[in-house]
Amino acid sequence: MKYWLVKTEPDVYSIDDLAREGKTLWSGVRNYQARNFLREMKLGDKLLIYHSNAEPPGVAGIGEICQEHIPDPTQFEEGGEYFDPKSTTVNPRWSCPQVGFVKKLPHLVPLQALREEESLKGLLLLQPGTRLSVIPVSEDHFRAIIAMGKAVKVS
DNA sequence: GCCAACGTTGGC
DNA sequence: GCCAACGTTGGC
């Protein structure tokens with residue numbers, strides 16, 4: 001099993017939206033490297049759901065792959081925000097898996113806390129210049145971040 | 001809202 | 001295939 005982190009803007013789609021719906025197609029990713037990671041995701045892989053462009057940004061919950069990638073339907077929606085005129089049904093460019101809700105963390109783990117955590121050195125999310133919206137995470141890092149989300153805040 | 005750091009596009 | 005211009009991401 002592999003572990004990942006996926007970014008979402010909570011104003012657009014938050015962990016609470018995922019909790020309400022139970023599952024969702026992770027559509028709209030338009031970056032080749034991120035797309036390739038989406039295609040690598042296997043049934044049962046676990047995801048950290050990260051809130052970007054939020055106050056504060058951070059890891060909000062956990063999801064899992066409940067269906068492996070299919071062609072992203074939004075690439076064919078003419079006039080839609082994610083329409084890609086160069087994409088064809090025969091040769092689709094973009095893919096998306098279906099992500100199921102697992103849980104919301106008791107506490108959001110802010111980006112700042114991730115940066116301050118020594119054991120998370122090397123987490124791709126924290127590397128300067130990483131803007132990828134889909135990022136592989138090691139099992140150790142995955143567990144460490146969840147533990148941070150369970151811990152009672154001291155300050 | 002700013003802007004740095006990337007990615008993408010398209011002319012040549 | 002280079003690279004300048006432009007668009008996007010996402011923290012601050």
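Within every chain, numbering begins at 1; the chains are lettered A, B, ... in the order of the sequence lines, protein sequences first and strands thereafter.
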Original post:
If you group Ile, Leu, Val, Met, Phe, Trp and Tyr by side-chain heavy-atom gaps below 4.5 Å, do A:Leu126 and A:Val109 land in one group?
Top reply: yes

Original post:
Between the main-chain N or O of A:Arg93 and the side-chain N or O of A:Gln75, is there a donor-acceptor pair closer than 3.5 Å?
Top reply: yes

**OP:** Mind checking A:Leu132 for me? I need base, sugar-phosphate or nothing, with any heavy atom below 4.0 Å counting as a touch.
**Re:** sugar-phosphate

Subject >> Any A:Phe142 side-chain heavy atom under 4.5 Å of A:Leu48 side chain >> reply: yes

Subject >> Outermost DNA chain B nucleotides near chain A [under 4.0 Å, heavy atoms] >> reply: B:dA5 to B:dG10

Subject >> Given DNA chain B, 5'-ward residue of the pair A:Arg30 and A:Arg131, judged by closest heavy atom >> reply: A:Arg131

Original post:
Are A:Arg30 and A:Thr74 close enough that a side-chain donor and a side-chain acceptor fall under 3.5 Å?
Top reply: yes

Original post:
A:His51 pairs by side-chain contact (heavy atoms from CB on, under 4.5 Å) with which of A:Asp11, A:Leu111, A:Thr8?
Top reply: A:Thr8

Subject >> A:Arg93 vs A:Pro128, nearer the 5' end of DNA chain B by closest nucleotide >> reply: A:Pro128

Original post:
Side chains of A:Leu5 and A:Val59: closer than 4.5 Å at any heavy-atom pair?
Top reply: yes

Original post:
Aromatic rings A:Trp4 and A:Phe37: how do their planes relate, parallel, tilted or perpendicular, breaks at 30° and 60°?
Top reply: tilted

Subject >> Min side-chain heavy-atom separation A:Leu25-A:Pro73 under 4.5 Å >> reply: yes

**OP:** Using five base pairs at each end, measure the axis-to-axis angle across the helix from B:dG1-C:dC12 to B:dC12-C:dG1 and round it to 10 degrees.
**Re:** 10°

